[in-house]
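What follows is a single structure, written as structure tokens, with notes after it.
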Amino acid sequence: VGRVDPLRRTVNVLEQLTEVGGQLRFGPPKTAAGRRAVSLPTFLADALAEQIGGRAEPGPDGLVFPAPVGGPMRRSNFRARAWLPATRQAGLEGLRFHDLRHTSGALAIAQGAHPKAIQAPMGHASVGITLDRYGHLFEGLDERIADGLDATWREALAASPRPGRGPEVVPLAR
């Protein structure tokens, strides 16, 4: 709960929960880049504020979404009790929880986000990881670059002191 700041619309990711041999353990993320602050859209910050504010006490573990009996939720219980019924009701059977992460990255790309702006909230150690995972979604980028260069040329042509002849082109020395 202390890592969620609805007013600043951020969540600080400082650790992860893993289950090994039936034991739940909190530990650091896989990489240093996994420790990060993630900006939230307003609707999500509001929903988290409501979730946090709806309880008298956050519980001994301070979890935003504790198990019904307290403590962290086990992945298998969450999947059976919450995830599968919700995806069935929404007509999204087969959707995995981890698919939400990929959807977030894809939506950011669709909105024109730069790969570096996607890297940090995803917790990728390098932009190369981001591009390896999501590069196929940057389709049409070369056409947008060509269109941008066309627009720049037209602006330079219109502003040129040599009307109708365009800007002076200076050959590069070899």
(request) Treating Ile, Leu, Val, Met, Phe, Trp and Tyr as nodes and any side-chain heavy-atom pair under 4.5 angstrom as an edge, say whether F43 and L107 lie in one connected cluster. (result) no
(request) Carefully, step by step, assess I52 and V64 under the rule side chain to side chain contact (heavy atoms under 4.5 Å, CB included). (result) CA-CA 6 Å; I52 293 167; V64 176; 4.3 Å; yes
(message) If we ignore hydrogens and angles and just use 3.5 Å, is the side chain of R35 paired with the main-chain N or O of L14 as donor and acceptor?
(response) yes
(request) For the pair V38 and V13, evaluate side chain to side chain contact (heavy atoms under 4.5 Å, CB included) and give the outcome as yes or no after the intermediate values. (result) CA-CA 7 Å; V38 178; V13 178; 4.2 Å; yes
(request) Would you give the length of the straight line joining atom OH of Y134 to atom NE2 of H136, rounded to the nearest 0.5 angstrom? (result) 9.0 Å
(message) If you count heavy atoms of other groups shown closer than 6.0 angstrom to CZ of R8, is the number above 12?
(response) no
(message) Does anything in residues 7-33 form a ring pair (Phe, Tyr, Trp, His ring centres under 6.0 Å)? List the pairs, not counting sequence neighbours.
(response) none
(request) Check for a donor-acceptor pair, side chain of D99 on one end and backbone N or O of R96 on the other, with a separation under 3.5 Å. (result) yes
(request) Would you mind checking if E15 and R25 are paired as a salt bridge, meaning a charged N to carboxylate O distance below 4.0 Å? (result) no
(message) Using 30° and 60° as the class boundaries, would you call the ring planes of F97 and F78 parallel, tilted or perpendicular?
(response) perpendicular
(request) Could you tell me the separation between the CD atom of E139 and the CD1 atom of I109, rounded to the nearest 0.5 Å? (result) 10.5 Å
(request) Please report the shortest heavy-atom distance between A67 and P72, naming the atom on each side. (result) CB-O, 3.7 Å
(message) Looking at R75 and E19, is there a salt bridge between them, counting it only when a charged N and a carboxylate O are closer than 4.0 Å?
(response) no
(request) Answer with yes or no whether the hydrophobic clustering places M73 together with L84; edges join I, L, V, M, F, W, Y residues whose side-chain heavy atoms lie under 4.5 Å apart. (result) yes
(request) Return yes if some donor-acceptor pair links the side-chain N/O of R36 with the main-chain N/O of P121 below 3.5 Å, else return no. (result) yes
(message) Using a 6.0 Å cut-off, check whether atom CZ of R79 has over 12 heavy atoms from anything other than its own residue.
(response) no
(request) Quick one: closest heavy-atom pair of P115 and F138, and the distance? (result) CG-CZ, 3.7 Å
(request) Sort out for me which residue in D5, L48, D46 forms a side chain to side chain contact (heavy atoms under 4.5 Å, CB included) with L40. (result) L48
(message) Please check: side-chain N/O of W83 versus main-chain N/O of L95, any donor-acceptor pairing under 3.5 Å?
(response) yes
(message) For the CD1 atom of I118 and the CD atom of Q111, what is their distance to the nearest 0.5 Å?
(response) 10.0 Å
(message) Please report the interatomic distance OG(S126) to CG(D132), rounded to the nearest 0.5 Å.
(response) 7.5 Å
(request) Of all the heavy-atom pairs spanning A80 and P85, show the shortest one and how long it is. (result) O-CD, 3.4 Å
(request) Please round to the nearest 0.5 Å and tell me the distance separating atom CE of M122 and atom CD1 of I129. (result) 11.5 Å
(message) Test your reading of the model: is there a side-chain donor-acceptor pair from R154 to the backbone of T152, 3.5 Å cut-off?
(response) no
(message) The criterion is side-chain hydrogen bond (donor to acceptor under 3.5 Å, both in side chains); which residues satisfy it with T130, sequence neighbours excluded?
(response) H124
(message) Applying a strict under-4.5 Å side-chain criterion to I, L, V, M, F, W and Y, I'd like to know whether L7 and L44 cluster together.
(response) no
